[in-house]
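Report on the following structure.
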2 protein chains.
Amino acid sequence: MTTINDIAKMANVSRTTVSRVLNNSGYASEDVRKRILKIVEETGYMPSVSAKSLRTKKSGVIGVILPKISTETASRVVGGINEVVAKEDFQILLTDTELDKEKEIEYVRLLKSRHVDGIILLSTNVNDRLIQAVTETNLPFISLGQALPGFTSVVYDDYHAAVDMTNMLIQKGHEKIAFIGVGEDDPAVGVLRKNAYVNTLEKHGYAIDDRFMEVGDFSIESGYEGMKRILKRCGDQCPTAVFVVTDRMAIGAMEYLKEQGYRIPEDIAVTGIGASTMSKYVSPSLTTIQYHNKEAGRKAAELLLAQMKNQKTDDKFVQTYRLISRDSV
Amino acid sequence: MTTINDIAKMANVSRTTVSRVLNNSGYASEDVRKRILKIVEETGYMPSVSAKSLRTKKSGVIGVILPKISTETASRVVGGINEVVAKEDFQILLTDTELDKEKEIEYVRLLKSRHVDGIILLSTNVNDRLIQAVTETNLPFISLGQALPGFTSVVYDDYHAAVDMTNMLIQKGHEKIAFIGVGEDDPAVGVLRKNAYVNTLEKHGYAIDDRFMEVGDFSIESGYEGMKRILKRCGDQCPTAVFVVTDRMAIGAMEYLKEQGYRIPEDIAVTGIGASTMSKYVSPSLTTIQYHNKEAGRKAAELLLAQMKNQKTDDKFVQTYRLISRDSV
DNA sequence: CTGAAAGCGCTTACAG
DNA sequence: CTGAAAGCGCTTACAG
């Protein structure tokens, strides 16, 4: 490994000067500068990141904590983050909690010990211990997807998105609308979307019927099972539409309906949220809501970079969404 | 930040001893050991990774180079890699070339300068400059998806998978089988799968018809366009089946066929490769080949870890596959 | 069983 | 415009 000392010797200068030239800090005569740059070029010298990091307390690495790496949403978000940070020569250190809440906290600490310059967290839940762990790191930090009190958050407009979807169903004449949600420890997906559904129905004077409501776990399978349970118990007054809070679960619900010979949307209309690639290619194509994940990732990265430069940022950035009407309604 | 010196002072020992206890290297009296561990626990001390890395030349980080992060294949593979390396407390540093071949080479060098302990590359092409760049790093290295001469590679059995698929089509009575592939700078997907198709047809005495063959770029859209071009020029002797080398392109092809009123599989059978989630939920469901991406990721990670411990590994590991028959044939 | 000292490869006041 | 020196937080022979 060539080091800064080697370069210094070869260029007949001190390593101080080499450092200055490489970092564009302080003066250096044109002559010396060129000589150094030429040698750097020839040798392919790259400064040791660890040494630099040890000295400057900056690592050039951004930590990203994901609930599950192998999902379309996650990879889109990471794509957006990467696009922005790569431009400023930052790398991403990815950690995957595999939906384990303890790991979220553990990774926050781990990333700190790895000297990351900032953290972006895609969380599926919000709790005090997590918040405390983040606070203790004292690091630039962005929460994406959930509003984390006290931290800059990039969130989707879950409430209004779900209101719009429910309203759309009502306007199409549906009165008995079923609902498949997720657990309420997830404020964004579990609580906001459900509240929107409930409030909108009530506003229109429709009764909330517990028999029409189910809870899944994000998986296609759980959408299938939820739909099955609803249909098993609705007797002679079954819903004419079902609002499912994620595309994957919606697709599971559609599977069950198709298996049972229901026609979509004639017998039952189905809607999702997420605008996954799949939603476009299932039959019938799924009416859903597009969140701009990649853009959210970009936004989060920009905010993190701003924080790292000590710029003040607002608390909360709400991303826009778009309802995509397709054939399942 | 608490450092090893703080811990040493608090425990009334030298930092040498603290280091030994923390790394389980060399002796330490039970008494001292307990005292140190207790203080570490209380303070939440975590050793500085940069300092450690500077000193030991090991970073505890594995570099992964991906052609495109936001794909199902990539995220499955990364999931598998992560599963294995996380157990040994390694982190993954992800880089995304966005299908830019220059970036592959650039990232190989960048990862080297970041002192990663090893590199796993998911490549879409093979060229001499890339091979040279990898050689120069002198780092443990695994190629996944492509056989890289001179390096340990984890590959899929592209050739036989494509042979099996073509044979299956032939056994179903198809004689005029169209083909949608990708560019030949991709040895695995572009060359092997195509050769298998061509050889299998020839073996059965069927002519290879250029009008039946198209090249896409992995996108759904390109499958759509490829199918369109084939159908525009086949006149009165159109194919009765089309073998598409990726699921996404196959789904594009199906879109076009459905739009034009073709029945699948009655008028034209369609097959893909990849067993994406989508392939299961499109209508009709897509006959495809399952590669075990996550397992390939695990295998690559294990081999890398083995190399890092200076264990010798074989050159080439061929992953198994499974043909999944569904409704599109 | 324990510690003093050197050194990993950088950057940054400080001095000239 | 340039350099000598200190120091970032560790680990590891070496000595006792």
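The figures that follow rest on heavy atoms only: side chains count, while hydrogens, waters and symmetry mates do not. Residue numbers start from 1 in every chain, and the chains themselves are labelled A, B, ... in the order their sequence lines are given, proteins ahead of strands.
Judged as a side-chain hydrogen bond (donor to acceptor under 3.5 Å, both in side chains), and not counting sequence neighbours, B:Asp315 has no contacts. Residues passing the side-chain hydrogen bond (donor to acceptor under 3.5 Å, both in side chains) test with A:Glu184, sequence neighbours excluded: A:Lys194. With sequence neighbours excluded, the residues forming a side-chain hydrogen bond (donor to acceptor under 3.5 Å, both in side chains) with A:Thr17 are A:Ser14, listed by chain and number. Shown here are the side chain to side chain contact (heavy atoms under 4.5 Å, CB included) partners of A:Ala86, two or more places apart in sequence or in another chain: A:Asn82.
Pairs passing the ring pair (Phe, Tyr, Trp, His ring centres under 6.0 Å) check and including a residue from residues 81-129 of chain A, sequence neighbours excluded, do not occur. Sorted by first and then second residue, the pairs that involve residues 37-55 of chain A and meet salt bridge (Lys or Arg N to Asp or Glu O under 4.0 Å), not counting sequence neighbours, are A:Lys38-A:Glu42.
Between B:Arg298 and B:Glu302 there is no salt bridge, since no side-chain N of the basic residue sits under 4.0 Å from a carboxylate O of the acidic one.
The shortest distance between the side-chain N/O atoms of A:Thr17 and the OP1/OP2 oxygens of D:dT2 is not below 4.0 Å.
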_Protein within reach of the bases, or only the backbone? For nucleotides 9-16 of chain D, mark each nucleotide 5' to 3' as B, S or -, using heavy atoms under 4.0 Å._
BBBBB---
_Let me check I have this right: for DNA chain D, each base becomes ., (, ), [, ] or |, based on Watson-Crick or G-U pairs with both distances under 3.5 Å. What is the full string?_
|||.||||||||.|||
Just list the side-chain donor-acceptor pairs under 3.5 Å for residues 129-151 of chain A, sequence neighbours left out, or say none.
unit_1: A:Arg129; atom_1: NH1; unit_2: A:Glu102; atom_2: OE2; d: 3.0
unit_1: A:Arg129; atom_1: NH2; unit_2: A:Glu102; atom_2: OE1; d: 3.1
unit_1: A:Gln132; atom_1: NE2; unit_2: A:Glu136; atom_2: OE2; d: 2.9
unit_1: A:Thr135; atom_1: OG1; unit_2: A:Ile131; atom_2: O; d: 2.7
unit_1: A:Thr137; atom_1: OG1; unit_2: A:Val134; atom_2: O; d: 2.6
unit_1: A:Thr137; atom_1: OG1; unit_2: A:Leu139; atom_2: N; d: 3.3
unit_1: A:Ser143; atom_1: OG; unit_2: A:Gln146; atom_2: O; d: 2.7
unit_1: A:Gln146; atom_1: OE1; unit_2: A:Ala188; atom_2: N; d: 3.0
unit_1: A:Gln146; atom_1: NE2; unit_2: A:Ser123; atom_2: O; d: 3.3
unit_1: A:Gln146; atom_1: NE2; unit_2: A:Asp186; atom_2: OD1; d: 2.7

